Amino acid sequence: MTSLLLPAVLGLVVGLVMGALGGGGAVIAVPVLVYLLDQPIREATTISLVVVLFGAVVGLVSMRGEGRVDWRTGLVFGGLGLGGSVLGARLSVLADPRVLMAGFAVLLAVVGAITWRHARRDETAARRSDEVSLTQLVPTAFGVGTLTGFFGVGGGFVTVPALAVVMRLPALVATSTSLVVIAVNAAAALATRLLGGGVPGLPWGLVTVFAAATGAGTWAGNRLAGRARGAVLLRAFAVFLVVLAVVVGTEALRS
């Protein structure tokens with residue numbers, strides 16, 4: 001019982017980040033599983049997909065009927081990003097791991113800066129008055145998919161700023177809708193592993209506890225997000241990204 005207490009606490013933290021900020025679950029889950037729960041990287045990435053998918057689904061169910069999720073944009077954005085994810089994943093094989101991590105740190109910092117800048121704008125001005133055209137939607141979704149596939153994470157940390165800045169969704173709608181994109185990407189990646197026979201044996205006790213705690217944290221994070229102002233959420237997300245960029249960059253330099 002004691003051995004499962006740490007996964008429960010850490011899963012709760014991952015869920016709170018997903019629910020409140022609309023992303024960052026996989027970015028946190030993988031290092032947590034590797035460095036704090038002693039899981040090999042291959043198993044950790046697979047567990048992360050299961051956990052993040054479950055957390056995203058719980059988050060979406062908890063927001064049912066609240067009108068905070070733009071389902072059409074989320075599903076189309078996620079679907080169009082799948083091709084980019086495949087391309088990015090193939091390109092990442094050619095990159096040196098240290099360069100990959102350093103580039104990941106830079107990307108986090110850049111996205112964090114863009115998100116902070118967007119949070120300073122008047123939120124009412126960020127609301128879109130009409131539908132975003134395909135000429136905006138397709139390259140944005142494909143680009144986000146390529147970046148997330150290349151850097152090997154779920155994509156919430158890029159999806160939130162993309163939905164808020166490029167797609168002009170209000171901040172609260174962007175953080176909520178990003179869970180749709182996360183669910184689509186995680187389900188596709190997990191299905192690819194299952195069909196390809198690349199899923200290793202997993203410690204299902206740990207997976208179950210971690211996923212359940214993540215789901216509970218996502219539900220609580222959604223309640224918190226519903227009470228916070230959009231600009232506050234974006235600033236919190238921006239700070240989170242910059243701090244994570246410093247941590248990842250430091251690790252890349254040490255390796």
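No experiment lies behind these values; they were computed from the predicted model shown.
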Is there a continuous path of hydrophobic side-chain contacts, each under 4.5 Å between heavy atoms, that joins L202 to L49?
yes
Determine the minimum heavy-atom distance between G78 and V181, stating which atoms define it.
CA-CG1, 4.0 Å
A245 versus A109, closest heavy-atom pair with distance:
CB-N, 3.7 Å
Output the distance between atom CG (L179) and atom CZ (R68), rounded to the nearest 0.5 Å.
9.0 Å
Are V76 and V138 connected into the same hydrophobic cluster when the rule is that any two of I, L, V, M, F, W, Y join if their side-chain heavy atoms are below 4.5 Å apart?
yes
So, using side-chain contact (heavy atoms from CB on, under 4.5 Å) as the criterion, who are the partners of V247 when residues are at least two apart?
none
Residues in side-chain contact (heavy atoms from CB on, under 4.5 Å) contact with V9, at least two apart in sequence or another chain:
L5
Hydrophobic cluster identity match, L80 and L147, side-chain contacts under 4.5 Å
yes
For L36 and L6, work out which heavy atoms get closest and say how close.
O-CD2, 3.8 Å
Is any side-chain heavy atom of L87 less than 4.5 Å from a side-chain heavy atom of F142?
yes
Locate the shortest heavy-atom distance separating V180 from G74; write the atom from each residue and the value.
CG1-C, 3.6 Å
Taking a hydrophobic cluster as the set of Ile, Leu, Val, Met, Phe, Trp and Tyr residues connected by side-chain heavy atoms closer than 4.5 Å, whether directly or through intermediates, do V52 and V69 fall within one such cluster?
yes
Excluding sequence neighbours, so at least two apart, what forms side-chain contact (heavy atoms from CB on, under 4.5 Å) with A44?
L33, V34, Q39
Please list, one pair per line, the donor and acceptor atoms closer than 3.5 Å that link side chains of residues 205-219 to other protein atoms, with sequence neighbours excluded.
| unit_1 | atom_1 | unit_2 | atom_2 | d |
| --- | --- | --- | --- | --- |
| T208 | OG1 | W204 | O | 2.7 |
| T214 | OG1 | G11 | O | 3.2 |
| T214 | OG1 | F210 | O | 2.8 |
| T218 | OG1 | G15 | O | 3.4 |
| T218 | OG1 | T214 | O | 2.8 |

Under 4.5 Å between any side-chain heavy atoms of V242 and W116, yes or no?
no
Flag the pair V243 / V239 as yes when at least one side-chain heavy-atom distance between them is below 4.5 Å, and no otherwise.
yes
side-chain contact (heavy atoms from CB on, under 4.5 Å) partners of A188, counting only residues at least two apart
L82
Measure across T140 and A162 and return the closest heavy-atom pair with its distance rounded to 0.1 Å.
CG2-CB, 4.2 Å
Kindly say whether D70 contributes a backbone atom to a donor-acceptor pair with the side chain of T177 at under 3.5 angstrom?
yes
Is there a side-chain contact between L60 and S176 (heavy atoms, below 4.5 Å)?
no
Do V57 and I47 share a hydrophobic cluster (ILVMFWY, side-chain heavy atoms under 4.5 Å, transitive)?
yes
